[in-house]
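Working notes for the structure below.
None of the values given here were measured: they were computed from a predicted structure.
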Amino acid sequence: MRERSSPLSSNQYSSHRKLGDVVRRHQNFLYQRPLAAYSRRQFDRINTIVNVYGGPIVLDSGCGNGEAACTLANEYPDHLVIGIDKSETKISGAAARDAPSNLHLVRGNCVDIWRLAANANWPIQHHFLLYPNPWPKAKHLKRRWHGHPVFSSLIALGGYLELRSNWEIYVAEFSIALEIAAAHRTQVEQFLPCAPLTPFERKYAISGHPLYRLRVQLS
């Protein structure tokens, strides 16, 4: 991923006008979409490891090729680091690289794994959302994590959450949604990474994109 990235294009120039309505509506209904069979199998496998380990967890949701998860596993050697991605190709490729013993990768949909992990009360200490798909068209608000019905499960996971994106509106909306859904006040800040954590972060930095992040301790 060495090529330069074009600036993100969107027909939305500020936080979505329906964001508050969407978040509040999802807070009032239990999300009951059936779990994917492969997600259930992968969760059962990794949940056994979690229970045996019994220590704190670092979660990398949407881990892609596992580069960031591997870095985090080295930074947090006394934590169990779990990377989740729905792409079998990416997970298989990541598994082929040398990895620390405290790193485990799960092929599963975050929508499923988050709900299962929240119900299982995983002891998550840090949760990273690194450059999720921004779904920049205004009509796709409900596909963004903060506009999705699973947002309450994401919050229920707890831990110190860090979201990074090259689209300021995405992070700003996430901040607003956290305040509506869980009364968490957060700030969006622009930052420069000392060392890029993911291929996307490296690509965006090389391309001169401003990078934004939000960090919050979830109850």
Side-chain angles (χ1 to χ4, degrees), residues 8 10-40 42-43 57 59-64 68 82-87 90-91 106-122 124 126-186 188 198 200 212-219:
L8 187 144
S10 174
N11 61 348
Q12 189 180 322
Y13 303 101
S14 61
S15 297
H16 201 289
R17 61 185 180 84
K18 294 184 177 180
L19 175 63
D21 292 338
V22 169
V23 173
R24 293 185 185 94
R25 188 181 310 122
H26 290 160
Q27 292 299 111
N28 294 326
F29 295 95
L30 179 65
Y31 186 44
Q32 295 182 313
R33 194 191 80 166
L35 299 166
Y38 75 91
S39 291
R40 168 66 77 174
Q42 286 290 298
F43 177 80
I57 293 173
L59 194 61
D60 180 10
S61 294
C63 66
I82 300 174
I84 308 169
D85 203 279
K86 66 180 180 180
S87 170
K90 290 179 179 177
I91 289 294
V106 179
R107 188 222 163 192
N109 193 323
C110 289
V111 172
D112 297 333
I113 302 297
W114 287 348
R115 287 186 289 166
L116 290 167
N119 288 337
N121 293 314
W122 277 9
I124 295 173
H126 299 276
H127 187 184
F128 291 86
L129 280 175
L130 303 174
Y131 304 93
N133 188 333
W135 294 105
K137 293 183 179 180
K139 66 180 181 180
H140 290 153
L141 168 64
K142 294 179 183 179
R143 297 188 184 184
R144 303 169 196 164
W145 287 132
H146 46 274
H148 194 282
V150 81
F151 188 58
S152 58
S153 294
L154 187 163
I155 295 173
L157 288 171
Y160 188 76
L161 175 69
E162 179 164 346
L163 165 70
R164 298 185 186 184
S165 177
N166 66 326
W167 192 31
E168 185 177 13
I169 288 175
Y170 189 100
V171 188
E173 285 186 348
F174 200 101
S175 176
I176 294 170
L178 278 175
E179 185 169 352
I180 293 172
H184 284 296
R185 290 184 178 272
T186 61
V188 176
T198 76
F200 281 112
Y212 304 92
R213 69 182 175 192
L214 172 156
R215 295 181 291 183
V216 59
Q217 178 66 52
L218 299 175
S219 58

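In this structure a side-chain-to-backbone donor-acceptor pair under 3.5 Å is present from Glu173 to His16. Looking at Asp60, its side chain never comes within 3.5 Å of a backbone N or O of Gly83 through a donor-acceptor pair. Within the 3.5 Å criterion, the main-chain N or O of Trp135 finds a donor-acceptor partner in the side chain of Arg144.
Of all heavy-atom pairs between Asp85 and Cys63, the closest is OD2-N, 3.5 Å. Heavy atoms only, all atoms of each residue included: Val171 and Tyr212 are closest at CG2-CB, 4.0 Å. Nearest heavy atoms, Gly108 versus Ile84: O-CG2, 3.4 Å. Annotation for Gly64 and Lys90: closest pair O-CB, 3.5 Å, computed over non-hydrogen atoms. Across all their heavy atoms, Ile155 and Ala182 have their closest contact at CG2-CB, 4.0 Å. Residues Ser153 and Ala118 come closest through the heavy atom pair O-CB, 4.1 Å.
The CZ atom of Arg17 sits 10.5 Å away from atom CD of Gln12, with the distance rounded to the nearest 0.5 Å. Taking CD from Glu179 and CZ from Arg185, the interatomic distance works out to 4.0 Å, rounded to the nearest 0.5 Å. Going from atom CD of Glu168 over to atom OG of Ser15 covers 9.0 Å, rounded to the nearest 0.5 Å.
Using a 4.5 Å heavy-atom threshold, the side chains of Leu161 and His184 count as separate. The closest side-chain heavy-atom distance from Phe174 to Leu154 is below 4.5 Å. Phe151 is listed as a side-chain neighbour of Leu178, based on a closest heavy-atom distance under 4.5 Å. Residues Ile82 and Ile124 form no side-chain contact, since every pair of their non-hydrogen atoms from C-beta on lies 4.5 Å or further apart. The shortest side-chain heavy-atom distance between Leu129 and Ser165 does not fall under the 4.5 Å cut-off. With a 4.5 Å cut-off on side-chain heavy atoms, Glu162 and His126 do not count as touching. Within the 4.5 Å cutoff, side-chain heavy atoms of Trp114 are placed close to those of Leu157. Residues Trp145 and Ser61 have side chains not in contact (no heavy-atom distance under 4.5 Å, counting atoms from C-beta outward).
With Tyr38 as the aromatic partner, Arg107 meets the cation-pi criteria of under 6.0 angstrom to the ring centre and within 45 degrees of the ring axis.
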Might you work through the side chain to side chain contact (heavy atoms under 4.5 Å, CB included) test for Val188 and Thr186, ending with a clear yes or no? CA-CA 7 Å; Val188 176; Thr186 61; 5.9 Å; no
Is there a side chain to side chain contact (heavy atoms under 4.5 Å, CB included) between Phe43 and Leu35 once you walk through the steps? CA-CA 11 Å; Phe43 177 80; Leu35 299 166; over 6 Å; no
Would Trp167 and Ser10 satisfy side chain to side chain donor-acceptor pair (under 3.5 Å), going step by step from the backbone distance to the final call? CA-CA 10 Å; Trp167 192 31; Ser10 174; 5.0 Å; no
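For the side chain to side chain contact (heavy atoms under 4.5 Å, CB included) with Pro136, the lone residue among Leu8, Ile169, Asn11 that qualifies is Leu8. Screening Gln42, Lys86, Arg33 for a side-chain hydrogen bond (donor to acceptor under 3.5 Å, both in side chains) with Asp112, the sole residue that qualifies is Arg33.
Aromatic ring orientation, Tyr170 versus His146: perpendicular (interplanar angle above 60°, classes split at 30° and 60°).
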Contacts under 3.5 angstrom, residues 19-26 side chains, donor-acceptor by atom type, not counting sequence neighbours:
{"residue": "Arg24", "atom": "NH1", "partner": "Gly20", "partner atom": "O", "Å": "3.3"}
{"residue": "His26", "atom": "ND1", "partner": "Gly147", "partner atom": "O", "Å": "3.4"}

